[in-house]
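Have a look at the structure below, then the notes.
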Amino acid sequence: MSTSNPMKATSLPRHPRADDRYPSRFGRDILITPRLDPVVWGEPGRGPLSESQLNDYIDHGYLHFDDLISPEEVQTYLDELQRLRADEAIKDADEAVIEPGSRELRSLFAVHRSSPVLKRLAHHPKLVAIARQLLGSEVYIHQSRVNYKGGFRGKEFYWHSDFETWHVEDGIPAMRMVSCSIALTANTPCNGPLMIMPGSHHRYVSCVGATPENHYKISLQQQDIGVPDDESLTQLVEEYGITAPTGLAGSVTFFECNVMHGSNSNITPLPRSNVFMVFNSIDNTPVEPFCGLPPRPDFIAEREDFTPVGQS
């Protein structure tokens, strides 16, 4: 399948490594191939999820829970988000992503390190138990971040598979990771909620375009490399459709690392603030990035501390 954006194919990288089971960004053609890893690595009875819930996750690539986080907890975390957003010094940190054209904070990475309050959220027993069961092992935090999508001008996040980037740029070997999006404000159909192509995690979309050095500095604001072409996205939508899990503050969506997802811009007055925790299996720690470049910073992709969450 040929890409519809020839500019992505103007520079070709070296050949993929022999141990690269999911090559991407190496050729002139975008390919859609079957996934090679299980979706669920754990078993029923070894965690809070029922067999039916595990089967839903296998089929659709996500699970949504209303009221998983109590209102009291939500308020504590929301107060912390507001404190972080108001701190002008934080906006100059490497971990901060600023909205293009303004000084508004769009994302803040590694919040489980910098904020004791959000570290507690990363270790929340309900979240950790679900992640352990889905991944069939102890888990650690590969990445954490706050996403602010303010009213009126909150920018979109284009369609992508997290695993494609985490594999190519961070060296994560297998699809044995899960993200959870914790809503601290209402996620409505109108204020730019997470959109998912349910079932798309069963396919792997290899993209076109060599990975530039220090690509993360640009991609965190606007990602152009590692993004599927229009033809591939159309094919996935025709096969799987699109859904948008919504809910009030305290709702949580777990989504598989390879599921295709994105979000629209927010032109409503209703802000949307979510915390993302990415859990990785301790048996799936990163190797050298498959793009052949130096790894991204630890605040984006953990490479040193694989201490299981729930343990000190």
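By the 6.0 Å contact criterion, NZ on K91 is enclosed, its count of non-hydrogen atoms from other residues, nucleotides or ligands being greater than 12. R46 CZ: 12 or fewer foreign heavy atoms inside a 6.0 Å radius.
Residues H167 and D20 have side chains that bring a donor and an acceptor to within less than 3.5 angstrom of each other. With 3.5 Å as the limit, one finds no donor-acceptor pair spanning the side chains of N258 and D162. Side-chain atoms of S137 and S281 form a donor-acceptor pair, as typed in the model, at a separation below 3.5 Å. With 3.5 Å as the limit, one finds a donor-acceptor pair spanning the side chains of S107 and N147.
Side chain of H160 to main chain of V227: no donor-acceptor pair is present (N/O by atom type, distance under 3.5 Å, no hydrogens or angles). Of the possible polar contacts, one joining the Q133 side chain to the E43 backbone as a donor-acceptor pair under 3.5 Å is found. Between the side chain of H202 and the backbone N or O of I58 there is at least one donor-acceptor pair closer than 3.5 Å. Using a distance-only test at 3.5 Å, with no hydrogens or angles considered, no donor-acceptor pair links the side chain of S273 to the main chain of L184. With S200 contributing its side chain and M197 its backbone, the two residues share a donor-acceptor pair below 3.5 Å. Under a 3.5 Å cut-off, the side chain of Q143 and the backbone N or O of I300 do form a donor-acceptor pair.
Expressed to the nearest 0.5 Å, how far OG of S114 lies from CG of L84 amounts to 6.5 Å. Residue L49 holds its CG atom at 6.0 Å from CG of L63, rounded to the nearest 0.5 Å. Distance check, rounded to the nearest 0.5 Å: CD of E138 to OG1 of T307 gives 11.0 Å. Separation of atoms CG (L31) and CZ (F26) is listed at 13.0 Å; rounding is to 0.5 Å. If you take OG1 on T253 and CD1 on I196, they are separated by 6.5 Å, rounding to the nearest 0.5 Å.
Checked against ring-ring contact (aromatic ring centres under 6.0 Å, His included), Y62 has no partners two or more places apart in sequence or in another chain. Qualifying ring-ring contact (aromatic ring centres under 6.0 Å, His included) partners for F255, counting only residues two or more places apart in sequence or in other chains: H261. When the ring-ring contact (aromatic ring centres under 6.0 Å, His included) test is applied to Y140, the partners found at least two apart in sequence or on another chain are F306.
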Q: Determine, step by step, whether V39 and H201 satisfy the side-chain contact (heavy atoms from CB on, under 4.5 Å) criterion, reporting the C-alpha distance in whole Å, the side-chain angles of both residues, the deciding distance to 0.1 Å, and the verdict.
A: CA-CA 8 Å; V39 177; H201 59 298; 3.7 Å; yes
Q) Where do L194 and N187 land on the side-chain contact (heavy atoms from CB on, under 4.5 Å) test, with the steps shown first? A) CA-CA 8 Å; L194 174 72; N187 283 227; 5.7 Å; no
Q: Determine, stepwise, if the pair R25 / E164 fulfils salt bridge (Lys or Arg N to Asp or Glu O under 4.0 Å).
A: CA-CA 10 Å; R25 313 184 194 181; E164 192 275 345; 2.7 Å; yes
Q.
R120 vs T76, test: side-chain contact (heavy atoms from CB on, under 4.5 Å). Steps then yes/no.
A. CA-CA 11 Å; R120 294 200 302 271; T76 298; 4.0 Å; yes
Q: Take H142 and N284, measure what side chain to side chain donor-acceptor pair (under 3.5 Å) needs, and give me the verdict at the end.
A: CA-CA 10 Å; H142 170 75; N284 191 39; over 6 Å; no
Q. Passes side-chain contact (heavy atoms from CB on, under 4.5 Å), L134 versus V178? Steps please.
A. CA-CA 8 Å; L134 291 173; V178 63; 4.0 Å; yes
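Both V111 and L127 are part of a single hydrophobic cluster, where members link through side-chain heavy atoms under 4.5 Å apart. Placement of Y204 and V208 in two distinct hydrophobic clusters is found when ILVMFWY residues are connected by side-chain heavy-atom separations under 4.5 Å, directly or transitively. Cluster membership for V252 and M177, using ILVMFWY side-chain heavy atoms within less than 4.5 angstrom, is not shared. Under the 4.5 Å side-chain contact rule for hydrophobic residues, Y158 and F163 do not share a cluster. Transitive grouping of hydrophobic side chains (ILVMFWY, heavy atoms separated by less than 4.5 Å) keeps V278 and L121 in distinct clusters.
The minimum heavy-atom distance between P193 and A244, with the atom names listed, is CG-CB, 4.2 Å. The two residues L118 and M277 come nearest to each other via the heavy atoms O-CE, 3.6 Å. The shortest non-hydrogen separation linking P173 to T285 is CD-O, 3.5 Å. Of all heavy-atom pairs spanning S179 and W166, the tightest one is OG-CH2, 3.6 Å. The two residues M260 and S161 have their closest heavy-atom pair at SD-N, 3.6 Å. Closest non-hydrogen pair, P198 versus Y240, comes out as O-CB, 3.2 Å.
Ion pair E256/R176 not flagged as a salt bridge, since none of the NZ, NE, NH1 or NH2 atoms sits closer than 4.0 Å to an Asp/Glu carboxylate oxygen. Of the charged side-chain nitrogens involved, none lies within less than 4.0 Å of a carboxylate oxygen, so that E302 and R296 do not count as a salt-bridged pair.
For residues 63-82, the set of pairs meeting the salt bridge (charged side-chain N to carboxylate O under 4.0 Å, His left out) definition, not counting sequence neighbours, comprises E80-R83. Sorted by first and then second residue, the salt bridge (charged side-chain N to carboxylate O under 4.0 Å, His left out) pairs involving residues 182-205 (not counting sequence neighbours) are R203-E239.
Between N274 and I182, every side-chain heavy-atom pair lies at or beyond the 4.5 Å cut-off. Proximity of V146 to L105: side-chain heavy atoms (C-beta onward) are nowhere separated by under 4.5 Å. When side chains are defined from C-beta on, E169 does not count as touching L293, because their heavy atoms never get closer than 4.5 Å. Inter-residue side-chain proximity for F109 and V97 is flagged as met; some heavy-atom pair is nearer than 4.5 Å. The shortest side-chain heavy-atom distance between D94 and P297 does not fall under the 4.5 Å cut-off. Considering only heavy atoms from C-beta on, I98 stays 4.5 Å or farther from R106 through its side chain. Side chains of R272 and S263 form a contact here, defined as non-hydrogen atoms less than 4.5 Å apart. D37 places a side-chain heavy atom less than 4.5 Å from the side chain of Y22.
Each of I90, D87, L81 was scored for a side-chain contact (heavy atoms from CB on, under 4.5 Å) with L108, with one residue passing: I90. Of the listed residues (D230, T234, D229), just one forms a side chain to side chain donor-acceptor pair (under 3.5 Å) with S232, and that residue is D229.
Judged by the 6.0 Å and 45° rule, R145 forms a cation-pi pair with F276.
Side-chain heavy-atom separations under 4.5 angstrom define the hydrophobic clusters, and the remaining members of the one that includes F290 are V287.
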